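Only one structure is covered here, and it is reproduced in the block below.
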Amino acid sequence: MVEQIKEILLDQKIVEAKIAELAAKISTDYYGKEILLVGILKGAVVFLSELMKHLTIPAKIDFIQAKSYGAKKISSWNIEIKKNVDTDIKGKEVLLVEDIVDTGTTISLIIKELLKRKPASLKLCTLLDKPSRRKTEVHIDYKGFEVPNRFIVGYGLDFDENFRSLPYIAAID
Ligand code: IMP
Ligand code: MG
């Protein structure tokens, strides 16, 4: 399995330093407020866990899941919300936490869905951004790293459900 890893793009130290930096920025921007982190399952779980540890403002968490990649390494256009948030987000400061923004299709749909529930604010924080593949324009408020157009795994990101537990970001193509 690990022999499929072609190249480590971002090692654990670099990733974790960046996440601490993002958490500091978020804590400053939302100072005096409480935020609700909404992680996008399953890929954002590792990022969200690391991020929340570094926040110095009160934070609650929830999760949402939408259908995205299958085993075929292609973007599925038939996106549906498989699990919605449990929290009543009306009037809340909501920060969406995503692993990677690729075509932008999934995240746009999720944003549209959540805006219907009238949060006080809705911002987007993504660990990775693959801008070369964008099909739908997405405004990213907090971004960890831009990555090239390669298939990325690790730090929550999978290929066919494998590699999520790797503590670094790698390419397998
Ligand atoms: P989008 O709708 O094309 O932006 O797809 C976003 C979702 O696809 C992300 O939340 C990931 O779960 C998945 N995804 C996109 N690119 C990659 C990748 O390089 N590796 C693993 N998963 C990816
Ligand atoms: Mg995802």
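Starting from 1, each residue takes its place in the sequence as its number. All values reported here derive from a predicted model rather than from experimental measurement. Numbering of ligands and ligand atoms starts at 1, following listing order.
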TODO: Please say whether Arg133 places an N or O atom under 3.5 Å from an N or O atom belonging to ligand 1.
DONE: no

Going by heavy atoms, is [X] under 4.0 Å from ligand 1?
X      : value
Val138 : no
Ile107 : no
Ile40  : no
Arg134 : no
Gly104 : yes
Asp99  : yes

With rounding to the nearest 0.5 angstrom, report the [atom1] to [atom2] distance, [X] to [Y].
X      : Y      : atom1 : atom2 : result
Leu115 : Leu122 : CG    : CG    : 5.0 Å
Leu41  : Ile64  : CG    : CD1   : 9.0 Å
Lys33  : Tyr31  : NZ    : OH    : 13.0 Å
Lys60  : Leu37  : NZ    : CG    : 12.0 Å

- [ ] Would you kindly check if the NZ (Lys) or CZ (Arg) of Lys25 is within the cone defined by 45 degrees around the ring axis of Tyr142 and under 6.0 Å from the six-membered ring centre?
- [x] no

Task: Pi-cation contact, Phe63 with Lys42 (under 6.0 Å, within 45°) - done: no

Proximal ligand 1 atoms for [X], defined as those under 4.0 Å from one of its heavy atoms:
X      : value
Asp158 : 21 (C)
Thr103 : 1 (P), 2 (O), 3 (O), 4 (O)
Thr106 : 1 (P), 2 (O), 5 (O), 6 (C)

- [ ] Might you confirm whether atom NZ of Lys13 has over 12 heavy atoms from other residues, nucleotides or ligands at distances under 6.0 Å?
- [x] no

Open item on the list: Nearest non-hydrogen contact with atom 16 (N) of ligand 1 belongs to which option: Leu41, Asp102, Thr126?
Closed with: Asp102

- [ ] Examine Tyr155 together with Phe47 and report whether their ring centres are nearer than 6.0 Å.
- [x] no

TODO: Determine whether the side chain, the backbone, both or neither of Arg150 has a heavy atom under 4.0 Å from any heavy atom of ligand 1.
DONE: backbone

